[in-house]
Amino acid sequence: MVNDNEIKAQVSPFAIREGEIKTFDGKDGYVSMNQIVHKINIGHITDIHFAILELVNEFEFITSRQLYQMLEIKGIDPKSQDKLNNKLDALVKSKILTRYYFTSDEGKGIYRIYCLEKMGKYLLGSKEIECKWQPSDNTKPVGMIKKRLAGNQVLIAYLRKVKAFEAYIVKPAITAKSLGKIFKATGGAVKLTKNNKSIQFLFEVFRREPEWQKKLVEKMNLYKDFYENYVPGDSGFSGIPQLIFVCEDEKHMAECFKEIVTNKLEVPQIKMLFTTDLRQNEETLANTLVEFKLIDGKYKMENVELKLIG
């Protein structure tokens with residue numbers, strides 16, 4: 001597998017492309033549970049297949065590269081990307097997982113996205129693993145799926161590259177008290193601990209999807225409500241979490257910041273920190289965060305060095 005720092009992409013694979021659609025790449029037809037049980041009994045579906053299934057359940061949408069990295073983190077050796085892809089093919093053919101790719105005017109996407117199928121839910125249930133998947137989950141639009149994939153990339157980068165890493169949550173639920181709404185941080189959350197001191201990061205992913213500015217404003221109103229009414233213990237956070245915005249590229253960071261300031265959606269309780277998809281590929285994350293400072297009447301983008309995430 002190509003290392004992160006060897007990736008030469010100029011545009012994030014999780015950026016929105018014009019006219020992009022999600023294309024089915026799974027298996028049609030019927031597969032019975034008896035057929036799947038037979039494959040388990042003869043050893044064609046093994047523990048590593050179940051480990052893959054649990055990860056897909058946890059992340060909802062995930063690429064094969066992200067699965068490879070997560071298996072390694074969990075101490076499971078996938079041997080190679082090709083061997084992992086063969087196992088994924090077997091799960092797709094058995095309708096335990098299904099698969100999609102993105103198509104746009106620029107052509108076919110270079111990666112496949114995996115998510116659960118009905119048989120996958122049944123198998124997880126047989127091991128008493130909680131699975132809230134329902135068929136309508138697979139109909140989610142491109143923007144929502146790409147937010148999840150970008151969020152996965154950030155979580156995996158922190159797991160692999162930050163020594164102070166302690167724990168992660170894929171879909172943390174947050175309560176906006178005044179508005180009476182529970183919402184989720186699209187990029188997940190991580191807890192970092194060093195010298196018995198902990199900090200938690202919340203990641204909110206923004207994409208240039210249709211009406212993205214309007215969606216940004218709606219989400220920021222929820223965050224403002226959460227932070228303005230925060231007391232220790234709210235939404236499971238013992239201390240006030242640091243919010244980090246994950247954007248498509250450098251220009252998109254400035255566009256998002258402008259929307260927040262123009263709509264007076266700053267959160268005074270925290271610093272507003274930004275990052276991009278491609279910054280997660282750097283060898284160390286110490287210099288991957290950005291803030292906008294008012295200098296001589298103009299906002300300027302400056303890197304924020306955090307030794308804790310080095």
Side-chain angles (χ1 to χ4, degrees), residues 1-15 55 59 62-78 81 110-111 146-170 172 185-207 237 239-254 256-257 270-293 300-310:
M1 187 177 68
V2 177
N3 292 324
D4 286 358
N5 60 351
E6 295 172 334
I7 295 172
K8 304 299 181 186
Q10 300 297 311
V11 178
S12 167
F14 311 129
L55 285 168
F59 286 90
I62 192 167
T63 68
S64 61
R65 187 173 193 273
Q66 290 172 348
L67 277 167
Y68 189 100
Q69 291 173 321
M70 283 303 304
L71 286 168
E72 282 193 324
I73 288 165
K74 289 182 176 290
I76 300 167
D77 184 6
Q81 188 70 65
I110 58 170
Y111 58 89
K146 288 208 165 182
K147 285 178 185 176
R148 177 71 271 139
L149 299 177
N152 294 351
Q153 184 187 33
V154 173
L155 294 181
I156 291 168
Y158 275 75
L159 264 75
R160 296 175 68 227
K161 300 174 185 180
V162 178
K163 288 181 182 177
F165 173 84
E166 183 181 331
Y168 71 92
I169 305 170
V170 176
T186 50
V190 296
K191 183 180 181 182
L192 309 178
T193 301
K194 189 174 183 180
N195 299 328
N196 296 320
K197 290 184 179 178
S198 295
I199 185 172
Q200 288 172 291
F201 288 170
L202 273 175
F203 299 102
E204 183 59 38
V205 182
F206 294 131
R207 302 289 93 172
F237 296 103
I240 194 163
Q242 172 62 56
L243 183 59
I244 298 170
F245 304 112
V246 184
C247 304
E248 291 190 5
D249 49 49
E250 308 288 308
K251 185 183 175 187
H252 193 215
M253 288 195 289
C256 291
F257 177 75
I270 56 166
K271 271 188 177 184
M272 282 204 300
L273 299 180
F274 295 78
T275 190
T276 66
D277 297 352
L278 294 183
R279 283 175 175 249
Q280 311 315 307
N281 293 334
E282 295 181 18
E283 281 188 47
T284 171
L285 302 183
N287 295 299
T288 55
L289 300 179
V290 160
E291 66 177 322
F292 290 86
K293 287 187 175 178
K300 293 188 178 178
M301 189 168 69
E302 290 191 358
N303 281 347
V304 177
E305 185 175 355
L306 286 185
K307 290 181 181 177
L308 183 66
I309 62 173

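Under a 3.5 Å cut-off, the side chain of Arg207 and the backbone N or O of Phe14 do form a donor-acceptor pair. Panel note: side chain Thr288, backbone Arg279; no donor-acceptor pair is recorded below 3.5 Å. Not one N or O on the side chain of Tyr111 forms a donor-acceptor pair closer than 3.5 Å with the backbone of Arg65.
In this structure the side chain of Val154 never reaches within 4.5 angstrom of the side chain of Phe201, judged on heavy atoms. Taking 4.5 Å as the limit, some side-chain heavy atom of Val190 sits within range of a side-chain heavy atom of Leu155.
Note on residues 152-162: pairs passing side-chain hydrogen bond (donor to acceptor under 3.5 Å, both in side chains), not counting sequence neighbours, are Asp4-Arg160, Asp4-Lys161, Gln66-Asn152, Arg148-Asn152, Gln153-Asn281.
For the atom pair Thr276 OG1 and Glu250 CD, the distance stands at 5.0 Å (nearest 0.5 Å). Taking CD of Gln280 as the start and CZ of Phe203 as the end, the distance is 7.5 Å to the nearest 0.5 Å. Rounding to the nearest 0.5 Å gives a distance of 4.0 Å between CD of Gln242 and CG of Leu273. Once rounded to the nearest 0.5 Å, the distance linking CD1 of Ile244 with CZ of Phe274 reads 11.0 Å. Remark: Asn303 CG to Glu291 CD distance equals 10.0 Å, nearest 0.5 Å. Distance check, rounded to the nearest 0.5 Å: CD1 of Ile73 to CG of Leu55 gives 9.5 Å.
Between Phe245 and Phe206, the two ring planes are parallel [angle under 30°; tilted spans 30° to 60°]. In this pair, Phe257 and Phe292 present their aromatic rings parallel. The plane angle is below 30°, not in the 30 to 60° band.
Between Leu278 and Ser12, the closest heavy-atom pair is CD2-CA, 4.0 Å. Smallest separation of non-hydrogen atoms from Ser198 and Thr193: OG-OG1, 2.6 Å.
Between Asp277 and Lys146, no side-chain nitrogen of the basic residue sits less than 4.0 Å from a carboxylate oxygen of the acidic one, so the salt-bridge criterion is not met.
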